[in-house]
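Below is one structure, written out as structure tokens; the observations come after it.
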There are 2 protein chains.
Amino acid sequence: MMNKELPACPVETTLLLISNKWKVLILRDLMEKTMRYNELKASIGSISQKVLTSNLRAMEADGLLIRTVYPEVPPRVEYTLSEQGRSLKPILDAMWNWGIDYQKQNNK
Amino acid sequence: MMNKELPACPVETTLLLISNKWKVLILRDLMEKTMRYNELKASIGSISQKVLTSNLRAMEADGLLIRTVYPEVPPRVEYTLSEQGRSLKPILDAMWNWGIDYQKQNNK
DNA sequence: CTGTATCCTCCTGGATACTG
DNA sequence: CAGTATCCAGGAGGATACAG
């Protein structure tokens, strides 16, 4: 995400970075702790390798997370949020809280 | 959005309701004031009629907004947030604030 | 003005096989 | 383990025409 013509509206700017469901779920998981590739895949559940990898790479390019490769055998790759990624926590928290309320109202 | 098997994670529940960009933009606009169809269309800008209508109908079915038809000629249709829709404000605010910060950092 | 109805294109994302 | 490479299906979404 280069600094080229950001939308005038801040909400749209935010949507550019996390407009898709997968990125939000990745953020949710990494907000808790650093995770390995397969750990992340298992946690999200129904995501394919291709989609997980492409989202992780995009988020890395956007500066939301940091990818660290440990040259071991078998290889180990850890994903952790950058400061900018962690700064999204208020959004995730707001989504969490709203979800809680929604569940209370609609789930019996 | 029926009360059928909501996800265990509240964040996922929230994503079920507002996982797409268009819905977020509609919420952003209606958070300010009640709006008419064409007003909304013009405000969002690059959305087609079909997509705008389908999202509005989905959000109405989910109880996020209220659609009021005034039997006039020409017809007038107003969209306003329900209480549940308005309760999403903290999420929109968090997105707004994050977008502001992001713009400051990346837009010179 | 506020839609509905079609057609069509593109992209997201799943499934599978293979690799360092 | 952590991917890459391919192929393919489904749905999101645009364009256009038409209607009440």
Side-chain angles (χ1 to χ4, degrees), chain A residues 1 7 9 11-12 14-30 33-62 64-81, chain B residues 1 7 9 11-12 14-30 33-62 64-81:
Chain A
M1 198 62 48
C9 172
V11 172
E12 290 184 46
T14 302
L15 286 174
L16 279 180
L17 281 296
I18 55 163
S19 62
N20 101 52
K21 163 187 171 183
W22 303 118
K23 291 183 182 178
V24 175
L25 294 179
I26 291 170
L27 287 169
R28 175 200 61 183
D29 289 343
L30 294 184
K33 61 180 194 321
T34 293
M35 293 177 86
R36 298 181 58 168
Y37 182 85
N38 271 353
E39 196 182 1
L40 210 38
K41 183 168 179 351
S43 176
I44 295 179
S46 58
I47 192 172
S48 67
Q49 284 190 329
K50 195 185 82 172
V51 173
L52 175 57
T53 300
S54 70
N55 276 289
L56 286 170
R57 292 295 149 83
M59 293 170 75
E60 184 190 12
D62 288 342
L64 296 182
L65 57 79
I66 296 163
R67 177 173 178 267
T68 309
V69 182
Y70 294 88
E72 308 170 349
V73 177
R76 179 164 55 103
V77 180
E78 290 189 343
Y79 292 90
T80 187
L81 291 185
Chain B
M1 196 63 46
C9 172
V11 172
E12 291 185 45
T14 302
L15 285 174
L16 279 180
L17 281 296
I18 55 163
S19 62
N20 99 53
K21 162 189 171 181
W22 303 118
K23 291 184 182 179
V24 175
L25 294 180
I26 291 169
L27 287 169
R28 174 200 62 181
D29 289 344
L30 293 184
K33 62 180 197 314
T34 294
M35 292 177 87
R36 297 180 58 169
Y37 183 84
N38 271 353
E39 194 182 1
L40 210 38
K41 184 169 181 345
S43 176
I44 295 179
S46 59
I47 192 172
S48 67
Q49 286 189 329
K50 194 185 85 172
V51 174
L52 175 56
T53 301
S54 71
N55 276 288
L56 287 170
R57 293 295 150 81
M59 293 169 75
E60 184 188 11
D62 288 342
L64 296 183
L65 57 80
I66 297 162
R67 177 173 178 267
T68 309
V69 181
Y70 296 89
E72 307 170 352
V73 178
R76 178 164 55 105
V77 180
E78 290 190 345
Y79 292 90
T80 189
L81 290 184

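Remember, it's a predicted structure, so these values are computed and weren't measured experimentally. Reminder, nothing fancy here: chain letters follow the sequence lines and each chain counts from 1.
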Inset, instruction - Check A:Ile18 against A:Lys23 and note the closest heavy-atom contact, atom names and distance. - result: CA-CD, 4.4 Å

Legend entry - Rounded interatomic separation in angstrom, taking OH from B:Tyr70 and C1' from C:dG3: 18 Å

Inset, instruction - Look at B:Arg76 and C:dG3 and indicate whether a side-chain polar atom (N or O) is within less than 4.0 Å of OP1 or OP2. - result: no

Legend entry - Where at least one partner belongs to residues 68-78 of chain B, residue pairs that pass side chain to side chain donor-acceptor pair (under 3.5 Å), sequence neighbours excluded: B:Tyr70-B:Glu78, B:Glu72-B:Arg76, B:Arg76-B:Glu78

Inset, instruction - Please check if the side chain of B:Asn20 supplies one atom and the backbone of B:Trp22 the other of a donor-acceptor pair under 3.5 Å. - result: yes

Inset, instruction - Provide, to the nearest angstrom, the distance between the NZ atom belonging to B:Lys41 and the P atom belonging to C:dT4. - result: 14 Å

Legend entry - Spacing of B:Glu78 atom CD relative to C:dG3 atom P, expressed in whole Å: 12 Å

Legend entry - For the student: nearest non-hydrogen atoms of B:Thr34 and B:Glu39, plus distance: O-OE1, 4.4 Å

Inset, instruction - Indicate yes or no for a side-chain donor-acceptor contact from A:Ser54 to the backbone of A:Val51 under 3.5 Å, with no hydrogens or angles considered. - result: yes

Inset, instruction - Give the nucleotide from the list C:dC1, C:dG3, D:dA2 with an atom nearest to the side chain of B:Tyr79. - result: C:dG3

Legend entry - Near-strand residues of residues 48-56 of chain B, defined as heavy-atom separation under 4.0 angstrom from DNA chain C: B:Gln49, B:Lys50, B:Thr53

Inset, instruction - Mind calculating the distance between CG (B:Leu15) and C1' (C:dT12) to the nearest angstrom? - result: 16 Å

Inset, instruction - Give the rounded distance in Å between these two atoms: OH of B:Tyr37 and P of C:dT4. - result: 8 Å

Inset, instruction - Send over the distance from A:Ile44 CD1 to C:dG14 C1', rounded to a whole Å. - result: 15 Å

Inset, instruction - Look at B:Arg57 and C:dG3 and indicate whether a side-chain polar atom (N or O) is within less than 4.0 Å of OP1 or OP2. - result: yes

Inset, instruction - Take the protein atom CD1 of B:Ile47 and the nucleotide atom P of D:dA15, then report the distance between them rounded to whole Å. - result: 12 Å

Inset, instruction - Grab the CG-P distance between B:Leu40 and C:dT2 for me, whole Å please. - result: 10 Å

Legend entry - Nearest-nucleotide 5' precedence on DNA chain D, A:Arg36 against B:Pro75: A:Arg36

Legend entry - Over 12 foreign heavy atoms within 6.0 Å of NZ, B:Lys21: no

Legend entry - Test log, rule side chain to side chain contact (heavy atoms under 4.5 Å, CB included), inputs A:Leu52 and A:Ile26: CA-CA 9 Å; A:Leu52 175 57; A:Ile26 291 170; 3.9 Å; yes

